[in-house]
Structures are given as C-alpha cells and as structure tokens.
Amino acid sequence: MTIQQDGAEELSLLALPQLQRLVMSGGFFRTFGFTKSQWIIFAALLHRGSLTMSQAAAYISSSKEQATRAVAQMVAEGYVAREIDPDNRTHVRISLTEAGLTLAARCRREVLPQLHDRLSASLTEQDQQELCRSLASIIRILDRVV
C-alpha cells in the first residue's frame, strides 16, 4: 500500500499543522527568548546533533540567509557554535554548545511537563501512549527521508 493509496498523504498534511499548533501555541519558545525559527532549529539540533546551514534552512522552510540570521543570535547568546565542516570546507556546521545543552535540559524540565499537562487534560492514558508510539514511529521513518 502506498501513501497515495491509503490516504496517509492527506493525513500527514492535516497532522503537521496540528502538531505545530500543539507545540507552538503554548509560546514555550518565547520563555527561552527564541523566535519560532530558532526554536525549530534548536529542536533539530537536539535531535540531529549538528546541521549544515542548508539543513537548518530546510527545517524552518526558509532561505539560508534567514537561517543564518536566526542562528546568529543563538551564537551570540552562546547556545550554538559554528564550525567549518571538516568533510566539506564549503559548508558551515552548527551544533549546541555546553550552554545550549544546559538550556535544553531546562527546556525538558519546564516544557515537557506543560505539554504533558495539555495532553493529559484532553487524552486518556491509552490515547497518550498510542500518540507517543505513533510519533516515535513517524520520527524514526521520517529520519530516513529528511
């Protein structure tokens, strides 16, 4: 069964805005002084470890110039480091610094409980478990594509 045959393509188009609304509507990113673009890049760095600027731009669905502006403030605040990619000296790679990792731990302590509270207010325990399993599968599969 392909994506087009079982309607998953339409479901994915519906799921993405809902997931974004769930995560972004709480304004969690503002608590840490980030814009939406910076929050997405920050989360991508937590997941991937490092990114090229082209990859960062793809995560925020924008130009490399806009990604560079978003990252510049994160670098200035000491959360992100830039370095030349040793495998391709024409690429700049970004990664979290110790301060960025410390901020990530704070985010987990403060944001995850708020997300959990929002989900548990609306979903049964069984629904929450199913959502977590489903999201883990989606992330695992999309990591092969993105």
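The model shown is predicted, which means the values in this text are computed figures rather than measured ones.
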For Gln66 and Val71, run side-chain contact (heavy atoms from CB on, under 4.5 Å): C-alpha distance rounded to whole Å, both residues' side-chain angles, the deciding distance at 0.1 Å, then the answer.
CA-CA 9 Å; Gln66 190 169 357; Val71 168; over 6 Å; no

Here the gap from Lys64 atom NZ to Ser54 atom OG, rounded to the nearest 0.5 Å, amounts to 4.0 Å

Exercise. Are Val92 and Glu83 side-chain neighbours, meaning at least one heavy-atom pair lies under 4.5 Å?
Worked result: no

For this session: Indicate yes or no for a side-chain donor-acceptor contact from Gln129 to the backbone of Gln126 under 3.5 Å, with no hydrogens or angles considered.
Result: no

Looking at Glu130, I want to see if its CD is surrounded by more than 12 non-hydrogen atoms of other residues, nucleotides or ligands under 6.0 Å. no

Distance col, row Leu45:CG vs Leu96:CG, nearest 0.5 angstrom, shows 4.5 Å

Considering only NZ, NE, NH1 and NH2 on the basic side and carboxylate oxygens on the acidic side, decide whether Glu110 and Arg106 come within less than 4.0 Å.
yes

Value for CG (Asp127) from OG (Ser120), rounded to nearest 0.5 Å, stands at 12.0 Å

Here the gap from Ile60 atom CD1 to Ile41 atom CD1, rounded to the nearest 0.5 Å, amounts to 4.0 Å

Here the gap from Glu98 atom CD to Leu103 atom CG, rounded to the nearest 0.5 Å, amounts to 12.5 Å

| message | Please tell me whether Glu77 and Gln73 have a donor and an acceptor in their side chains that are separated by less than 3.5 angstrom. | response | yes

Could you tell me if Ser50 and Arg93 have a donor-acceptor pair between their side chains, going purely by distance under 3.5 Å?
yes

Point to revise | Check: Gln55 and Arg48 side chains under 4.5 Å, non-hydrogen atoms | key: no

query: Are the aromatic ring centres of Phe42 and Phe34 under 6.0 angstrom apart?
result: yes

- So, Thr97 side chain and Gly78 main chain: donor-acceptor pair closer than 3.5 Å or not? yes

Rounded to the nearest 0.5 Å, the CD1 atom of Ile94 sits from the CE atom of Met53 at a distance of 5.0 Å

